[in-house]
Amino acid sequence: MRASRYHLFTLKENPVDAEIISHQLMLRSGMIRRHAAGIYSWLPLGLRVLRKVEQIIREEMDRAGALELLMPSFQPAELWQESGRWDQFGPELLRLTDRHNRDACIGPTHEEIVTDIFRREVNSYRQLPLNFYQIQTKFRDEIRPRFGVMRSREFIMKDAYSFDIDKDGMQHSYDVMDQAYIAIFDRFGLEYRAVNADSGAIGGSTSQEFHVLADSGEDAIAFSSEGQFAANIETVEALPPTGERAAPGATMQSVDTPGMHSIEALASGLKVAPQKCLKTLIVDADDDGLIALILRGDHELNTLKAERLDGVASPLRMAQRDKIKQVLGNDIGSIGPVGLTIKRYVDHSAAAMSDFVCGANQDDKHLQNVNWGRDCDEAVSVDLRNIIDGDPSPDGKGQLRILRGIEVGHIFQLGQKYSESMQSSVLDMQGKTVAPFMGCYGIGVTRIVAAAIEQNHDDRGIIWPAALAPFMLAICPINYHKSAAVKEAADDLYQRCRAQGVNVLLDDRALRPGVMFSDMDLIGVPHRIVLSDRGLGAQQFEYKGRSDQDAQDMPFDNLTSLIDKLVCDPCDTVS
RNA sequence: CGGGGUGUAGCGCAGCCUGGUAGCGCAACUGCUUUGGGAGCAGUGGGUCGGGAGUUCGAAUCUCUCCACCCCGACCA
């Protein structure tokens, strides 16, 4: 591709509403443009990357035996009513009516459609196992779209659906997809992790998420330092502390703590560690009452765990401030277990504390040297908190380490949920009617692009892994429009690369070198060759890898071996 | 949906308080000079100041209203 004939429209300044790096760089490099909240066009440069992601997915899905098809994004309400999801889904499901006033929706996912296809097409176990997949545009009317294509309303997803005659078959199909996902993510050249996504309570490894690692990731994932354990942090059990609780020391006493309403304020005000403080959160109960959740000061409440507790409202709601005052008689910021009248749950770690600081249930007062059993009722403890770095791993092997990730893939077993509700069945070997066991496997295609940038960039711009780069090589001739020698050498090299199948961008624009370099760095081309009169005279060219610190001069003889290394798919067929 | 904020040229902003008919930087276009890390000079084009209504001789500016977008909280690829 010649840059003069390509739509390279880069921006120097960051659009003000782009918050995260990937969104900024995608806008600045001219990959995407926004039309409305969460709605984007993919410009030619961005589309090149998107197509690479799709192609890798397609090849590995095909290799794994899945069959590609394409389902509609406009879906009739009847199917969703059959599965029951027409009523279950909230406003995230974009509903509309056509000219005949028939209800429909724009598909956020395709279990209903694929099950409908299956029940029409398949009627014998002999046709199984079967795995249909598609790469298609989805729509989810997100409450708050943000971060560019990371969380957009319209997005492209690869979704696959497996069908098997029994549970073992489903497990096998799932395992095949697990392997296919590993192959896919390996090929992207991104750092990623597969983690358990199910709650330990349900058991089994029936659900896994694939995360691209990035400091800016929205999810926290935990790993065992020595074992294989890896899971989304929200699902990880926090083990109770081992060993005996320390014996009570000094007697309980009240202290004035005006204005200290947070653990940080309390800890610094009283000069004690947050670990010695107790945090008491008040949430709504499912019967209109209030429930206290008690944690160690430095710990965070885990919403999922709290919602599972008997009596706690689900979804979890923090109680209204006025209601707390009305029931407890004091404001938040000074609540504690001593004399607390409402139902309470205490986290294991909080229950293991002694001589701690907690709210006195009186405004602007706290209690010191409080002890369970002695000063208030002995706590029955439960698991309430998020694990933190250094906690013991639930598999008993080492400690937990925490990394941040971006969820880009999810595989799980659906069982017979849709086949039963939608009365899809096949005949088994005995001629009996059986609802097939399904699995469901998603990859956020558009999100992968953003995640790749989030993980690989510097202050100059994007640093694409080779597998995703829109161009593999940039040729930057200096004085292309002035020096006949440079022009000839650049054109020669360009033609040679194209003949060899190198995905090459020749910057033949009449620009100053600095501008060319900045553009190529910004759009993240992995390799760069500079040709100039100076180098030509010495039979040399200059080479620099995108993440190399410095460029190096090389003799022309090295060109052939360099080009050989850059050969990839011949997708650049337009001059 | 609740709370906070912003809408002025493609992008980033000033002007608004104190009404007098719109400006700066970048980008774009033309010419000359320049050519190894976002050049210099000269010139050009582009805005119903988010929409509507009102107050006024006169509204980007004051009032009302609608809309859009962004940020902080509950979903998910």
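These values consider heavy atoms only, across backbone and side chains, with no hydrogens, waters or symmetry-generated copies. Throughout, protein chains are lettered first and strands after them, A, B, ... in sequence-line order, and every chain is numbered starting at 1.
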**Asked** What integer number of Å spans the C1' atoms of B:C76 and B:G38?
**Response** 39 Å
**Under-4.0 Å salt bridge between A:Glu68 and A:Arg58** = yes
**Item:** Sugar-phosphate only, base, or nothing, as touched by A:Glu13 at under 4.0 Å among non-hydrogen atoms
**Value:** base
**Request:** For A:Ser483, answer base if it contacts any base atom (sugar-phosphate contacts may also be present), sugar-phosphate if it contacts only those atoms, and nothing otherwise; contact means non-hydrogen atoms under 4.0 Å.
**Result:** nothing
**Request:** Establish, with yes or no, whether the OP1 or OP2 oxygen of B:A39 is under 4.0 angstrom from a side-chain nitrogen or oxygen of A:Arg512.
**Result:** yes
**Prompt:** Would you say A:Lys12 reaches B:A27's phosphate, i.e. side-chain N/O to OP1/OP2 under 4.0 Å?
**Reply:** yes
**Item:** Span that lies between the C1' atom of B:C69 and that of B:C26, in whole angstrom
**Value:** 23 Å
**Request:** Round to a whole Å and report the spacing from CG of A:Asp533 to C1' of B:U34.
**Result:** 16 Å
**Asked** Any donor-acceptor pair under 3.5 Å between the side chain of A:Arg528 and the base of B:G37?
**Response** yes
**Asked** With both distances kept under 3.5 Å, what pairs with B:C26, Watson-Crick or G-U wobble?
**Response** B:G10
**Asked** Which is true for A:Asp17 with a 4.0 Å heavy-atom rule: it touches a base, it touches only sugar-phosphate, or it touches nothing?
**Response** sugar-phosphate
**Message:** From the set B:A77, B:C11, B:G37, return the single nucleotide nearest to any side-chain atom of A:Pro15.
**Reply:** B:C11
**Message:** How many whole angstroms separate atom CG of A:Leu11 from atom P of B:C26?
**Reply:** 15 Å
**Asked** With a non-hydrogen cut-off below 4.0 angstrom, is A:Glu19 in contact with a base, only sugar-phosphate, or nothing?
**Response** sugar-phosphate
**Asked** Which part of the nucleic acid, if any, lies within contact of A:Gly409, taking any heavy atom under 4.0 Å across all strands shown: a base, the sugar-phosphate backbone alone, or nothing?
**Response** sugar-phosphate
**Pair A:His527, A:Tyr543: side-chain N/O donor-acceptor within cut-off below 3.5 Å** = yes
**Prompt:** Can we call the ring centroids of A:Phe471 and A:Trp464 under 6.0 Å apart?
**Reply:** no
**Message:** I'd like to know if A:Arg509 and A:Asp519 make a salt bridge, using a cut-off of under 4.0 Å between side-chain N and carboxylate O.
**Reply:** yes
**Distance-only donor-acceptor test, A:Asn14 side-chain atoms vs B:G12 base atoms, 3.5 Å** = no
**Partner nucleotide, any strand, of B:A59 [Watson-Crick/G-U, under 3.5 Å]** = none
**Asked** Contact class for A:Lys482 (heavy atom, under 4.0 Å): base, sugar-phosphate, or nothing?
**Response** base
**Message:** Suppose you measure atom P in B:G2 against the same atom in B:U61; what distance do you get, rounded to whole Å?
**Reply:** 28 Å
**Item:** Contact under 4.0 Å: A:Arg146 side-chain N or O vs B:C72 OP1/OP2
**Value:** yes
**Asked** So what does A:Arg153 hit on the nucleic acid, given a heavy-atom distance under 4.0 Å: a base, only sugar-phosphate, or nothing?
**Response** nothing
**Item:** Separation between the P atoms of B:G4 and B:G40, rounded to whole Å
**Value:** 45 Å
**Asked** Expressed in whole Å, how much space separates the P atoms belonging to B:G25 and B:G45?
**Response** 16 Å
**Asked** Can you check whether A:Phe155 stacks with the B:A77 base, using ring centres under 5.5 Å and planes within 30°?
**Response** yes
**Request:** Can you tell me the pairing partner of B:C75 across any strand shown, Watson-Crick or G-U wobble, with both distances under 3.5 angstrom?
**Result:** none
**Same-atom distance (P) from B:C16 to B:U30, integer angstrom** = 37 Å
**Prompt:** Does the ring center of A:Tyr192 lie less than 6.0 Å from the ring center of A:Phe185?
**Reply:** yes
**Request:** Would you classify A:Val530 as touching base, sugar-phosphate or nothing, given that sugar-phosphate means primed atoms plus P, OP1 and OP2, and contacts are heavy atoms under 4.0 Å?
**Result:** base
**Complete:** Across every strand shown, the nucleotide meeting Watson-Crick or G-U wobble geometry with B:G46 (both distances under 3.5 Å) is none
**Fill in**
Taking a pair to mean Watson-Crick or G-U wobble geometry with both distances below 3.5 Å, B:G37 pairs with none
**Prompt:** Reckon A:Val515 touches a base, only the sugar-phosphate, or nothing at all at heavy-atom distances under 4.0 Å?
**Reply:** base
**Message:** Regarding A:Arg146 and A:Glu19, does a basic nitrogen lie under 4.0 Å from an acidic carboxylate oxygen?
**Reply:** no
**Donor-acceptor contact present, side-chain A:Lys305 to main-chain A:Val236, <3.5 Å** = yes
**Span that lies between the C1' atom of B:A22 and that of B:C49, in whole angstrom** = 8 Å
**Request:** Determine the interatomic distance between C1' on B:C62 and the same-named atom on B:C75; round to the nearest Å.
**Result:** 43 Å
**Asked** Quick one: is B:G73 close enough that its OP1 or OP2 comes under 4.0 Å of any side-chain N or O from A:Arg144?
**Response** yes
